[in-house]
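Down below is the structure, laid out as structure tokens.
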Number of protein chains: 2
Amino acid sequence: MSKIKETSTNFANKQALADECPEVYAANIIGGQWSIVICSWLINGKLRFGELKKLIPNITERMLTLQLRKLEENKIIKRTVYAEVPPRVEYELTEIGYDLKPIIKMLENWGEKHKALR
Amino acid sequence: MSKIKETSTNFANKQALADECPEVYAANIIGGQWSIVICSWLINGKLRFGELKKLIPNITERMLTLQLRKLEENKIIKRTVYAEVPPRVEYELTEIGYDLKPIIKMLENWGEKHKALR
DNA sequence: GACATTACTTACATTTTTTATAGTACCCTA
DNA sequence: TAGGGTACTATAAAAAATGTAAGTAATGTC
């Protein structure tokens, strides 16, 4: 992830596409190695950073942080920090984040079906 | 795109995730800069290589080829070559490819809604 | 004072994806 | 014989995404 170069062709292409195709726009937001897994865990309720980390074994802390930030920026999740020590931070889906539920469900069904025909 | 290194951590992670989450498996298949656009054009019927190229202005021929190959490998589209000169090649969605229609439609709606709240 | 806990951050390396540019084969037409 | 149309391929380079490894802050407990 890191910074994205706003002068690159890639950036321009993504912009242009997202502008005229809402489905591509959507895909840009929830695309990314770990976004969908995170969301599908959060569908069942709020979770702490460490809980997510345990639920998604192979993710590194860096990647988890980055994806959570991106999701937060895009208003898919809400982040709540409790002023405690050691720190406690909870993540939960926003309303529009929660709207992803049926989409994720459909992807799941489609995935199952697709797997079956290999 | 090109080759993927089967010894990388990234490869292993993708595999593991796709194995247990059909929604991630699905996302891996239709993820990629241009896949969804291509599919959403093909939903309306078969198209030739050159037609797709015209419909998707910024895509390079290389990218179009790569994405079409990937979609073909994953049995989302079917490729038909006519032995003519100049060559004619037609692409169309397979049955399971066509099953993506409602998903793309939902992504579209979700995208619209998400755009609205910015 | 050393240590544990939690949710990060930072610097850097590697891998993957995307773009740029220039070809190719084939036959038909002028 | 030259040029045009179609659907590509080859190679290199740029950009983006992901991974590795180490460190930080704050405070309560031993």
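Reminder, nothing fancy here: chain letters follow the sequence lines and each chain counts from 1.
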*List the atom of B/Ile29, the atom of B/Leu71, and the distance in Å for their closest heavy-atom pair.*
O-CD2, 4.5 Å
_Atom-to-atom span, CG of B/Leu68 to C1' of C/dT18 - whole angstrom_ = 15 Å
*asked:* Closest-nucleotide mapping onto DNA chain C: is A/Lys14 or B/Pro87 further toward the 5' terminus? I mean the 5' end.
replied: A/Lys14
*Of the nucleotides C/dA7, C/dT16, C/dT9, which has the atom closest to the A/Arg69 side chain?*
C/dT9
*Rounded to the Å, how far apart are A/Leu71 CG and D/dA17 P?*
14 Å
*Between A/Gln33 and A/Pro86, who's closer to the 5' end of DNA chain D by nearest nucleotide?*
A/Gln33
*In terms of side-chain heavy atoms, does B/Gln67 have a donor or acceptor partner in B/Ser35 at a distance below 3.5 Å?*
yes
*asked:* What is the separation between atom CZ on A/Arg62 and atom C1' on D/dG23, rounded to the nearest whole Å?
replied: 15 Å
*Please examine the side chains of A/Ile96 and A/Asp99, heavy atoms only from C-beta on, and report whether any two atoms are closer than 4.5 Å.*
yes
_If you compare every side-chain N and O of B/Thr60 against the phosphate oxygens of C/dT21 (OP1, OP2), does one of them come in below 4.0 Å?_
no
*Taking only side-chain nitrogens and oxygens of A/Asn10, does any of them come within less than 4.0 Å of OP1 or OP2 of C/dT19?*
yes
_For a quick check of understanding: with a heavy-atom distance under 4.0 Å over all strands, which category does B/Thr9 fall into, base, sugar-phosphate or nothing?_
sugar-phosphate
_Any salt bridge linking A/Glu108 with A/Lys105? Criterion: basic side-chain nitrogen under 4.0 Å from a carboxylate oxygen._
yes
*Whole-Å distance between D/dA7 P and B/Leu66 CG?*
17 Å
*Considering only C/dT9, D/dA7, D/dA15, which nucleotide approaches the side chain of A/Ser8 most closely?*
D/dA15
*What's the CG-C1' distance between A/Leu64 and C/dA7, to the nearest Å?*
10 Å
*Ignoring backbone atoms, test whether B/Gln67 places a side-chain nitrogen or oxygen under 4.0 Å from the OP1 or OP2 oxygen of C/dT18.*
yes
_Distance in angstrom units between A/Leu52 CG and C/dA7 C1', rounded_ = 12 Å
*When the distance from NZ of A/Lys5 to P of D/dA17 is rounded to whole Å, what number comes out?*
13 Å
*Quickly work out the A/Glu51 CD to C/dA7 C1' distance and round it to whole Å.*
13 Å
*Under 4.0 Å between a side-chain N/O of B/Asn13 and OP1 or OP2 of D/dG19, yes or no?*
yes
_5' priority, DNA chain C, between A/Val81 and A/Phe11 [closest heavy atom]_ = A/Val81
*Find which nucleotide of DNA chain D each of B/Tyr91 and A/Gly32 is nearest to by heavy atoms, and output the residue with the more 5' nucleotide.*
B/Tyr91
*side chain to side chain contact (heavy atoms under 4.5 Å, CB included) partner of A/Trp110, chosen from A/Met106, A/Lys113, A/His114*: A/His114
*Touch check for B/Tyr82, heavy atoms < 4.0 angstrom, all strands: base, sugar-phosphate only, or nothing?*
nothing
